[in-house]
**Student:** 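Shown below is the structure under consideration.
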Amino acid sequence: MTHAHRQITLNGKPREVSALTLAAALGELGFADVKVATAVNGAFVPAAKRGETRLRDGDRVEVVSARVGG
Amino acid sequence: MNALPPDRPAPAQAPDVLSIYGEAVPSRLFIGTALYPSPAILADSVTAARAGLVTVSLRREQARGRTGERFLSLVREMGVRVLPNTAGCHTAKEAITTAQMARELFDTAWIKLEVIADDDTLQPEVIGLVEAAQELGRQGFKVFPYTTEDLSVADHLLKVGCEVLMPWGAPIGSGRGLNNIYGLRALRARVPGVPLVVDAGLGAPSHAAAAMELGYDACLLNTAIAKAADPVRMAAAFADAIDAGRSAYLAGIMPPRDMAAPSTPMAGRAVL
């Protein structure tokens, strides 16, 4: 049975998403048209694979973008 | 050396082009993009520096956030090559994942690899560094490792495929210059064919000139420019210092001595 929501951590904060995949979750969480890179549980998820990456309770999702750096 | 007859053209000097991973880098000053008072001053500093490349990072984005895109636009407008970093990573695994994200986001296989051991010294964690360099090399990255002057670490990094090394001058952001000139000199002598970039801890243009006079191929610095009272002017000063240091190295610096050797000839002095 697919639960209605998944409890994940997004950029260190607990969030609840109804989306099943990372791609859908990005849309739900406000990253639909933001140029970002993603990792789930410490592993890089290429943009092309976000649609087939299923999210589970407890998943740690990191969403990053370009910043200044030395 | 005999002068050429006046009707023959002077031989062209071989162009002094810096080449890393098979690509020409247009200048020997690499600068970071952090800590500037404003995006405008950053952009003007990059121009004044005549920078060969700029470093950037990846950080968490906010929902509907535009910070990343605005920064990407700014960097694109600069027209300078980008070298993403893995700043803040403490393990090989973190650095590898960060590099993979950077490759996709910045569309480059070049990566400044930082694996940090200690938050006070920000010193390289050299074991994780070599591991990450090896794995990233296998995945097709062109790794620019931030390392120390340790010869055995350098040896390992080269063995796992790095074609450039970036030893520190002093701790990141410390502005101390070249803390271990003897170690840096030894490294330069040990790997004569390898591009070497002094990365971290430079404070004044004289530090960069000193690195270039040792035969280092480029300098990477951020804080020294961004935290200067006048970053744009300081960027130009660093560019000039690096040119001067490089020219001096190519010109062949006179060997130092302890005792004096008169420049004015002794012969023909009046006896008074």
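Below, chain A is the first sequence line, B the second, and so on; all start at residue 1.
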**Student:** If every non-hydrogen atom of A:V36 is compared with every non-hydrogen atom of B:L105, which pair is closest and at what distance?
**Tutor:** C-CD1, 3.5 Å
**Student:** Measuring heavy-atom distances to chain A, does B:E69 have an atom under 4.5 Å in its side chain, in its backbone, in both, or in neither?
**Tutor:** side chain
**Student:** If you apply the rule salt bridge (charged side-chain N to carboxylate O under 4.0 Å, His left out), what do you find for B:E104 with A:K49, and how did you get there?
**Tutor:** CA-CA 12 Å; B:E104 183 182 90; A:K49 298 265 188 238; over 6 Å; no
**Student:** For the atom pair CZ (B:F71) and NZ (A:K35), what is the distance rounded to the nearest 0.5 Å?
**Tutor:** 14.0 Å
**Student:** Return yes when atom CZ of B:R176 has more than 12 non-hydrogen atoms of other residues, nucleotides or ligands closer than 6.0 Å, and no otherwise.
**Tutor:** no
**Student:** Looking at A:V64 and B:M101, what are the two nearest heavy atoms and their distance?
**Tutor:** CG2-SD, 3.8 Å
**Student:** Between B:F106 and chain A, with a heavy-atom cut-off of 4.5 Å, which part of the residue counts as in contact: side chain, backbone, both or neither?
**Tutor:** side chain
**Student:** Determine yes or no for a side-chain-to-main-chain donor-acceptor pair under 3.5 angstrom, with A:N11 supplying the side chain and B:E61 the backbone.
**Tutor:** yes
**Student:** Please examine the side chains of A:R67 and B:T67, heavy atoms only from C-beta on, and report whether any two atoms are closer than 4.5 Å.
**Tutor:** yes
**Student:** From B:R60 CZ over to A:L10 CG, what is the distance, rounded to the nearest 0.5 angstrom?
**Tutor:** 8.0 Å
**Student:** Can you tell me which of B:N222, B:T33, B:L220, B:I172 forms the most heavy-atom pairs within a distance under 4.5 Å of chain A?
**Tutor:** B:T33
**Student:** Find the one option among B:I96, B:T55, B:T98 whose heavy-atom pairs under 4.5 Å with chain A are most numerous.
**Tutor:** B:T55
**Student:** So for A:A39, is it side chain, backbone, both, or neither that comes closer than 4.5 Å to the heavy atoms of chain B?
**Tutor:** both
**Student:** Heavy-atom distance under 4.5 Å to chain A: side chain of B:E94, backbone, both or neither?
**Tutor:** neither
**Student:** Quick one: closest heavy-atom pair of B:A34 and A:G70, and the distance?
**Tutor:** CB-N, 4.2 Å
**Student:** Looking at A:Q7, I want to see if its CD is surrounded by more than 12 non-hydrogen atoms of other residues, nucleotides or ligands under 6.0 Å.
**Tutor:** yes
**Student:** Quick one: does any side-chain atom of B:T97 pair with a main-chain N or O of A:A43 as donor and acceptor, under 3.5 Å?
**Tutor:** no
**Student:** Using non-hydrogen atoms and a 4.5 Å limit, figure out which bit of B:R66 sits close to chain A: side chain, backbone, both or neither.
**Tutor:** side chain
**Student:** Nearest heavy-atom pair of B:L72 and A:A66: which atoms, and what distance?
**Tutor:** CG-CB, 3.7 Å
**Student:** Among B:L58, B:L35, B:I31, who wins on heavy-atom pairs under 4.5 Å with chain A?
**Tutor:** B:L58
**Student:** Taking side chain as everything from C-beta outward and backbone as N, CA, C, O, which of these in A:A47 sits under 4.5 Å from a heavy atom of chain B? Side chain, backbone, both or neither.
**Tutor:** both
